[in-house]
Amino acid sequence: KQEVTQIPAALSVPEGENLVLNCSFTDSAIYNLQWFRQDPGKGLTSLLLIQSSQREQTSGRLNASLDKSSGRSTLYIAASQPGDSATYLCAAPIQGAQKLVFGQGTRLTINP
Amino acid sequence: DGGITQSPKYLFRKEGQNVTLSCEQNLNHDAMYWYRQDPGQGLRLIYYSQIVNDFQKGDIAEGYSVSREKKESFPLTVTSAQKNPTAFYLCASSIVGRELFFGEGSRLTVL
């Protein structure tokens with residue numbers, strides 16, 4: 001059974017800092033892992049998808065890494081801005097099933 | 001523009017009524033999903049479909065029904081059997097095994 005955990009549940013940092021969000025999963029036999037952003041009252045926006053054959057994926061100021069052996073993924077945000085404030089969720093697939101298990105998310109606040 | 005359209009955005013229901021949430025996608029994705037989101041509980045899978053005329057129950061299917069008569073459409077009916085239907089409902093789609101995309105959500109409130 002796949003379980004996905006995100007710690008911390010909330011994080012507040014001053015503008016301009018680099019920061020790392022963590023995602024842990026229990027079943028390492030995954031074929032990909034996806035990171036999302038959710039603004040209040042909105043749907044989820046896909047940020048990055050890392051395939052199991054990759055170790056990193058980058059998009060602008062975002063960099064996601066995947067370490068299957070340790071069951072961990074991290075989302076690195078460089079030079080944070082107030083507009084980065086949102087809830088960030090990671091999701092990993094269940095082996096043998098075409099569906100994802102989501103973490104509870106990390107609520108990020110960037111203070112001007 | 002390509003994307004996923006959910007309607008209505010807000011919906012109010014009286015107890016004992018069935019309501020249907022619409023989800024339409026023009027991304028040519030085979031797989032479609034319905035999730036429910038409650039404060040402090042994350043996203044929970046209600047139903048999913050990988051092909052037309054076929055769908056599978058997720059983790060919390062009781063009190064819900066779906067149909068998949070067209071590739072583009074995956075409506076969700078919240079029946080009177082669902083005892084606690086007030087929630088934020090999210091529809092998503094993907095090419096099977098690939099990146100998942102979401103609609104903007106529908107907020108259902110039971111009066």
Side-chain angles (χ1 to χ4, degrees), chain A residues 1-10 21 23-26 29-54 57-59 62 64 66 73 86-107, chain B residues 2-7 9-10 21 23-25 27 29-51 54-61 66 68 74 87-109:
Chain A
K1 180 182 176 183
Q2 181 70 278
E3 294 182 4
V4 179
T5 304
Q6 292 185 250
I7 296 173
L21 305 180
C23 173
S24 300
F25 48 92
T26 54
I30 58 172
Y31 53 86
N32 62 35
L33 185 138
Q34 195 167 353
W35 282 92
F36 298 87
R37 167 187 173 137
Q38 185 177 29
D39 294 291
K42 302 289 187 180
L44 279 67
T45 300
S46 177
L47 296 174
L48 290 164
L49 174 73
I50 312 175
Q51 299 293 348
S52 59
S53 57
Q54 301 173 307
Q57 189 72 267
T58 298
S59 176
L62 305 180
L66 176 62
S73 177
T87 297
Y88 291 81
L89 299 98
C90 65
I94 296 175
Q95 186 180 16
Q98 298 298 338
K99 53 183 181 176
L100 301 181
V101 175
F102 283 80
Q104 298 271 8
T106 295
R107 187 174 69 253
Chain B
I4 302 170
T5 302
Q6 289 187 240
S7 62
K9 190 171 183 177
Y10 299 96
L21 308 181
C23 179
E24 302 278 334
Q25 54 97 1
L27 300 169
H29 287 168
D30 290 308
M32 297 188 73
Y33 306 80
W34 275 105
Y35 289 89
R36 169 176 171 147
Q37 188 175 36
D38 297 280
Q41 293 202 45
L43 273 73
R44 292 182 290 169
L45 182 64
I46 305 173
Y47 269 99
Y48 65 106
S49 168
Q50 297 182 34
I51 195 169
D54 188 44
F55 47 84
Q56 287 78 41
K57 293 182 179 180
D59 302 316
I60 56 166
V66 293
R68 187 86 187 276
F74 192 40
F88 190 49
Y89 291 88
L90 289 159
C91 179
S93 73
S94 73
I95 295 172
V96 174
R98 304 288 294 277
E99 190 174 8
L100 190 66
F101 294 92
F102 280 84
E104 283 294 298
S106 293
R107 187 167 298 280
L108 172 63
T109 303

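Keep in mind that what you see is a predicted model, and the values were worked out from it rather than measured. Protein chains get the first letters and strands the later ones, always in sequence-line order, with residue 1 at the start of each.
Contact of B:R44 with chain A is not made at all, since no heavy-atom distance falls under 4.5 Å.
When A:G41, A:G105, A:A9 are compared by the number of non-hydrogen pairs under 4.5 Å with chain B, A:G41 comes out ahead. Counting heavy-atom pairs under 4.5 Å between each of B:K9, B:R107, B:E99 and chain A puts B:E99 at the top.
Within 6.0 Å of CD1 in B:I51 there are 12 or fewer heavy atoms belonging to other residues, nucleotides or ligands.
Here the closest heavy-atom approach between residue B:L100 and residue A:F36 is recorded as O-CE2, 3.5 Å. In terms of heavy atoms, B:F88 sits closest to A:K42 at CE2-O, 3.4 Å.
To the nearest 0.5 Å, the span separating CD1 on A:I94 from CG on B:L45 amounts to 8.0 Å.
Heavy-atom neighbours of chain A within the stretch residues 29-38 of chain B, taken at a separation under 4.5 angstrom, comprise B:Y33, B:Y35, B:Q37. Residue-level contacts of residues 44-53 of chain A with chain B, in order of numbering, are A:L44, A:S46, A:L49, A:Q51; threshold 4.5 Å between heavy atoms.
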